Amino acid sequence: MKLEGAYDPKLFESRIYEEWTDSGYFNPDNLPGLRKENYIVYMPLPNVTGSLHMGHTLDNTFQDIVIRYHRMRGYKTLWLPGTDHAGIATQYVVEKQLKKEGINRFELGREKFIERVWEWKKEYGGIILSQLQKLGCSADWSRTRFTMDPEYASDVQNIFIEYYKKGLLYRGFRTVNWCTRCGTSLSELELEHKEEETKLWYIKYSDEIVVATTRPETMLGDTAIAVNPNDERFRRLVGKTVVVPIVNREIPIVADVMIDMNFGTGAVKVTPAHDSVDFEIGERHKLPMIQVIDAYGKMTKEAGSKHEGKKARDVREEIVKELEELKLITRIEPYTHNVAICYRCNTTIEPIPSAQWFLKMKSLASNAMEAVRSKAVIIHPERFEKPYFDWLSNIRDWTVSRQIWWGHRLPVYFCETEKQKLAGNQQQEQFVVAKEKPKECPFCKKCEMEQSPDVLDTWFSSALWPFAGMSESDKKNYYPGNTLITARDILNLWVARMIYSGLEFKEEVPFKDVLIHGTIMTKDGKRMSKSLGTGIDPLKYIEQYGADVTRFAVVWQATGQDIRWDETAVVGGKKFLNKLWNAAKYVASNRQLATSNQQSEEKIPKGNTEVDKKIIDEINKLKKSVTEDIEKFEFSKALHDMYEFFWHSFCDEYIEVAKLQIQDEKQKEETQKILMYILSESLIMLHPFIPFITEVLWREGVKSKTPLIIEQWSH
RNA sequence: GGGCGAUUAGCUCAGCUGGUUAGAGCGUUACAUUGACAUUGUAAAGGUCACAGGUUCGAGUCCUGUAUCGCCCACCA
């Protein structure tokens with residue numbers, strides 16, 4: 001194509017991307033030259049349900065910058081893309097689709113339902129990746145993985161089995177966070193919190209024991225009263241018993257450090273089955289568990305025939321009324337507190353006891369902390385180390401099993417005979433952890449064993465992203481990687497888990513640098529959210545202004561703090577790229593034929609005049625600082641500096657003087673060389689940031705035979 | 001309840017280890033221009049750097065406190 005007219009990305013962006021794809025340079029195995037060192041970036045996997053939003057745009061532009069930069073520096077660069085099956089999220093989407101058709105997943109059945117999800121994935125699962133291609137991302141698409149690929153699934157199962165063999169994975173019957181709508185357990189990181197106005201009811205258990213509670217209905221499952229061991233008021237009562245009103249059950253009074261003497265009355269009712277703190281107190285004091293609420297949020301038989309089958313929420317009122325009649329409510333206070341809700345459907349979480357699989361976190365967490373403490377992994381900026389350490393040092397065992405259908409089914413097989421015999425007591429089942437279903441049940445020798453219906457927490461499989469599902473040779477040649485770039489919200493959810501998984505199974509941290517960048521918010525500082533209608537669609541910018549302008553606008557603003565999205569940065573980008581386009585057009589029109597010869601000995605012109613020397617000196621300094629900035633992940637600063645140099649020093653000052661110098665035959669050739677030199681160097685430096693326009697100008701203006709994508713950063 | 005971040009021109013933001021008239025993009029004003037570029041050039045207006053103390057020869061930059069906004073984390077029932 002000819003360099004003419006104004007800058008119009010529509011004329012070349014898609015064509016250039018195709019050429020890059022055809023060249024194979026996104027794949028490290030195809031890169032020319034002697035490349036000894038790897039440089040690997042792991043793409044934070046977008047959910048298959050996702051479509052490109054501003055967060056992805058920033059995230060992936062940053063990743064593309066480091067990848068393109070290192071490719072030009074002569075590394076074997078590999079950017080590993082893929083998508084996450086996103087268990088609950090995807091299941092939820094397909095369930096909604098079914099709902100429109102008037103059926104639910106249970107009517108469809110597990111197998112049919114999963115087929116439906118796969119169909120959905122086939123149709124929509126690739127959208128986000130093609131949008132990333134529009135953005136110009138130079139990931140190695142030939143290595144695209146999906147966390148439910150057969151190879152990936154196989155690795156996930158192997159890891160599960162390995163954990164089990166190491167004794168780090170166990171089956172337990174414990175009080176877990178339960179979403180009654182999704183019908184599954186959730187880890188604490190999958191919870192959100194919302195403020196709720198409620199009441200604090202003071203209930204009299206005896207003359208000396210009054211407890212304050214927000215959930216009177218759970219008293220039906222009380223198995224103790226707890227007080228702080230240092231609380232003088234109750235010291236003499238510890239070890240004695242008290243009777244639970246209404247149910248008339250005698251329960252002990254125990255002392256536990258968990259109890260805050262200053263809250264309420266200082267005495268707490270303990271319901272191990274329906275509160276995770278109470279569960280722990282129960283374990284310490286060997287208290288029985290009485291489950292009065294079931295998996296649907298309804299009262300169980302244990303709650304008494306009067307309440308059985310009713311919604312827990314309704315029973316609350318009834319209990320209060322009953323207690324009032326017995327004159328056992330001594331006080332009611334208005335009270336505001338946070339309740340946990342399901343991150344996916346916002347349903348209030350109901351802690352209930354349930355048989356689940358748990359990963360022991362103590363050693364894994366301490367390995368992950370050591371990795372950062374020893375600087376094997378460096379978190380940038382440093383302040384994000386604190387939330388990382390805080391979470392890991394207070395960690396509890398991870399509930400990894402989920403009661404949904406879409407996901408990695410556990411490689412666990414139950415004895416059906418035992419199960420029948422022990423119906424109703426889930427703590428005593430018999431099972432085998434194995435990759436394949438055993439031919440013969442080792443327990444009863446006669447039953448057809450059945451695979452556990454549970455699937456794994458999605459994050460269990462994404463924690464293995466740096467190696468799972470890769471070919472054997474890739475596993476060997478492309479681990480560990482170098483850099484992970486992401487937003488702060490998945491630091492613990494994902495990053496920490498990749499670090500200890502890598503250490504556990506590959507004996508090495510998966511990456512050295514973790515860059516946590518700011519979050520893009522609306523101009524008035526609100527979170528961008530599709531459901532709130534506050535989201536801004538980057539595809540709109542890509543469509544209207546091109547990918548380069550979009551990337552420019554994002555990087556321009558991404559200084560490290562959270563970003564209040566400002567449209568004017570897009571305008572600035574558009575103007576700058578137009579400036580770049582026109583300057584290149586001018587320089588190309590003044591091409592000095594002798595210098596188009598790439599063999600030219602003299603790569604760096606010396607210059608005759610003061611302005612010549614000044615501009616050469618300036619760009620050489622700029623090259624150095626941009627290089628350093630990229631190494632330090634200071635992308636925005638690098639872009640601002642290049643902008644300043646190119647527009648004001650080069651275009652406004654040098655080119656204007658050059659026009660005069662070219663009139664002088666003695667200076668003409670050197671001036672033209674300098675123009676071309678500055679343009680070339682500028683294109684090289686700008687390429688990681690705005691790859692399309694620079695590639696086009698490189699070919700059409702500089703007339704280089706080497707594509708810019710693999711041009712050397714410095715000679 | 002704890003932690004972190006922010007508070008600098010009309011808007012969105014830079015300003016590293018404290019040092020001459022505090023910078024950028026966008027916007028605004030005046031003039032210029034068909035010569036790479038009107039998605040332009042030149043020039044200009046616009047800030048008591050949230051507030052109060054302190055350290056210092058000197059503070060937007062360090063310390064203490066206050067206020068406002070935002071974000072995380074939390075087992076005060």
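Since this is a predicted model, take the numbers as computed values, not measurements. The sequence lines fix the lettering, A, B, ..., with proteins before strands; numbering per chain opens at 1.
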Legend entry - Neighbour count >12 (heavy atoms, 6.0 Å) for atom CZ, R233(A):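 Enclosed.
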Inset, instruction - Would you please test V210(A) and Y205(A) for side chain to side chain contact (heavy atoms under 4.5 Å, CB included) and show each step? - result: CA-CA 6 Å; V210(A) 174; Y205(A) 277 48; over 6 Å; no
Inset, instruction - Measure across Q291(A) and P353(A) and return the closest heavy-atom pair with its distance rounded to 0.1 Å. - result: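 Closest approach of Q291(A) to P353(A), heavy atoms only: OE1-CG, 3.5 Å.
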Pairs under 3.5 angstrom only: tabulate donor-acceptor contacts from the side chains of residues 629-644 of chain A to other protein residues two or more places apart or in another chain.
unit_1: D629(A); atom_1: OD2; unit_2: K637(A); atom_2: NZ; d: 3.2
unit_1: E631(A); atom_1: OE2; unit_2: Y69(A); atom_2: OH; d: 2.6
unit_1: S636(A); atom_1: OG; unit_2: V555(A); atom_2: O; d: 2.9
unit_1: S636(A); atom_1: OG; unit_2: W556(A); atom_2: O; d: 3.0
unit_1: K637(A); atom_1: NZ; unit_2: D641(A); atom_2: OD2; d: 3.3
unit_1: H640(A); atom_1: ND1; unit_2: S636(A); atom_2: O; d: 2.9
unit_1: E644(A); atom_1: OE1; unit_2: H648(A); atom_2: ND1; d: 3.4

Inset, instruction - Keeping the roles fixed (side chain from H56(A), backbone from H53(A)), state whether a donor-acceptor pair exists under 3.5 Å. - result: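 The answer is yes, because a donor-acceptor pair under 3.5 Å joins these two groups.
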For RNA chain B, what residues of [range] have any heavy atom nearer than 4.0 Å?
{"range": "residues 255-264 of chain A", "result": "M258(A), I259(A), D260(A), F263(A)"}
{"range": "residues 565-578 of chain A", "result": "D566(A), T568(A), K574(A), K575(A), N578(A)"}
{"range": "residues 645-662 of chain A", "result": "W647(A), H648(A), C651(A), D652(A), I655(A), E656(A), K659(A)"}
{"range": "residues 380-390 of chain A", "result": "R383(A), K386(A)"}

Legend entry - Verdict with supporting geometry, W698(A) and F692(A), ring-ring contact (aromatic ring centres under 6.0 Å, His included): CA-CA 10 Å; W698(A) 182 257; F692(A) 293 103; over 10 Å; no
Quote, to the nearest angstrom, the [atom1] distance that separates [N] from [M].
{"N": "C16(B)", "M": "U34(B)", "atom1": "P", "result": "44 Å"}
{"N": "U61(B)", "M": "G18(B)", "atom1": "P", "result": "12 Å"}
{"N": "A45(B)", "M": "U7(B)", "atom1": "C1'", "result": "25 Å"}
{"N": "U66(B)", "M": "G1(B)", "atom1": "P", "result": "14 Å"}
{"N": "A24(B)", "M": "U42(B)", "atom1": "P", "result": "13 Å"}
{"N": "U17(B)", "M": "G5(B)", "atom1": "P", "result": "14 Å"}
{"N": "G15(B)", "M": "G47(B)", "atom1": "C1'", "result": "14 Å"}

Inset, instruction - Please identify each residue that fulfils side-chain hydrogen bond (donor to acceptor under 3.5 Å, both in side chains) with T534(A), with sequence neighbours left out. - result: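 T534(A) satisfies side-chain hydrogen bond (donor to acceptor under 3.5 Å, both in side chains) with no residue once adjacent residues are dropped.
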Legend entry - Residues forming a side-chain hydrogen bond (donor to acceptor under 3.5 Å, both in side chains) with E656(A), sequence neighbours excluded: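 Per chain and number, E656(A) pairs via side-chain hydrogen bond (donor to acceptor under 3.5 Å, both in side chains) with K659(A).
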Just list the side-chain donor-acceptor pairs under 3.5 Å for residues 573-580 of chain A, sequence neighbours left out, or say none.
unit_1: N578(A); atom_1: OD1; unit_2: Y7(A); atom_2: N; d: 3.3
unit_1: N578(A); atom_1: OD1; unit_2: N582(A); atom_2: ND2; d: 3.4

Inset, instruction - Just do the side chain to side chain contact (heavy atoms under 4.5 Å, CB included) check on Y541(A) and V549(A) with the steps written out, would you? - result: CA-CA 8 Å; Y541(A) 295 118; V549(A) 170; over 6 Å; no
Regarding [X], tell me which of base, sugar-phosphate or nothing describes its non-hydrogen contacts under 4.0 Å with the strands shown.
{"X": "R215(A)", "value": "nothing"}
{"X": "T559(A)", "value": "sugar-phosphate"}
{"X": "K585(A)", "value": "sugar-phosphate"}

Inset, instruction - Would you check if N177(A) and S185(A) make a side-chain contact, meaning some heavy-atom pair closer than 4.5 Å? - result: no
Legend entry - Flag side-chain contact, heavy atom, 4.5 Å: E385(A) against V514(A):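 No; the side chains remain at least 4.5 Å from each other.
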Give the table of side-chain donor-acceptor pairs shorter than 3.5 Å for residues 251-263 of chain A, with sequence neighbours excluded, one pair per line with atom names and distance.
unit_1: D256(A); atom_1: OD1; unit_2: M258(A); atom_2: N; d: 2.9
unit_1: D256(A); atom_1: OD1; unit_2: R284(A); atom_2: NH2; d: 3.1
unit_1: D256(A); atom_1: OD2; unit_2: R284(A); atom_2: NE; d: 2.9
unit_1: D256(A); atom_1: OD2; unit_2: R284(A); atom_2: NH2; d: 3.4
unit_1: D256(A); atom_1: OD2; unit_2: H285(A); atom_2: NE2; d: 2.9
unit_1: D260(A); atom_1: OD1; unit_2: N262(A); atom_2: N; d: 2.8

Inset, instruction - Give a yes-or-no answer on whether the side chains of T218(A) and K269(A) include a donor-acceptor pair shorter than 3.5 Å. - result: yes
Legend entry - Runs of at least three Watson-Crick or G-U pairs with RNA chain B, cut-off 3.5 Å: B:1-7 with B:67-73, B:10-13 with B:23-26, B:28-32 with B:40-44, B:50-54 with B:62-66
Inset, instruction - Scan residues 273-283 of chain A for pairs that pass salt bridge (charged side-chain N to carboxylate O under 4.0 Å, His left out), counting only residues two or more places apart or in two chains. - result: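 Pairs touching residues 273-283 of chain A that pass the test: E280(A)-R396(A).
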Legend entry - Under-4.0 Å salt bridge between K673(A) and D612(A):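 No, K673(A) and D612(A) are not salt-bridged.
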Rounded to the nearest 0.5 Å, how far apart are [atom1] of [X] and [atom2] of [Y]?
{"X": "I293(A)", "Y": "E217(A)", "atom1": "CD1", "atom2": "CD", "value": "5.5 Å"}
{"X": "I536(A)", "Y": "T57(A)", "atom1": "CD1", "atom2": "OG1", "value": "11.0 Å"}
{"X": "W398(A)", "Y": "E188(A)", "atom1": "CH2", "atom2": "CD", "value": "10.0 Å"}

Legend entry - Nucleotides bounding contact with chain A, strand RNA chain B, heavy-atom threshold 4.0 Å: G3(B) to A77(B)
Inset, instruction - By nearest nucleotide on RNA chain B, pick out whichever of D524(A) and R488(A) is the more 5' one. - result: D524(A)
Legend entry - Y335(A) vs L191(A), nearer the 5' end of RNA chain B by closest nucleotide: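 Whichever sits nearer the 5' end wins; that is L191(A).
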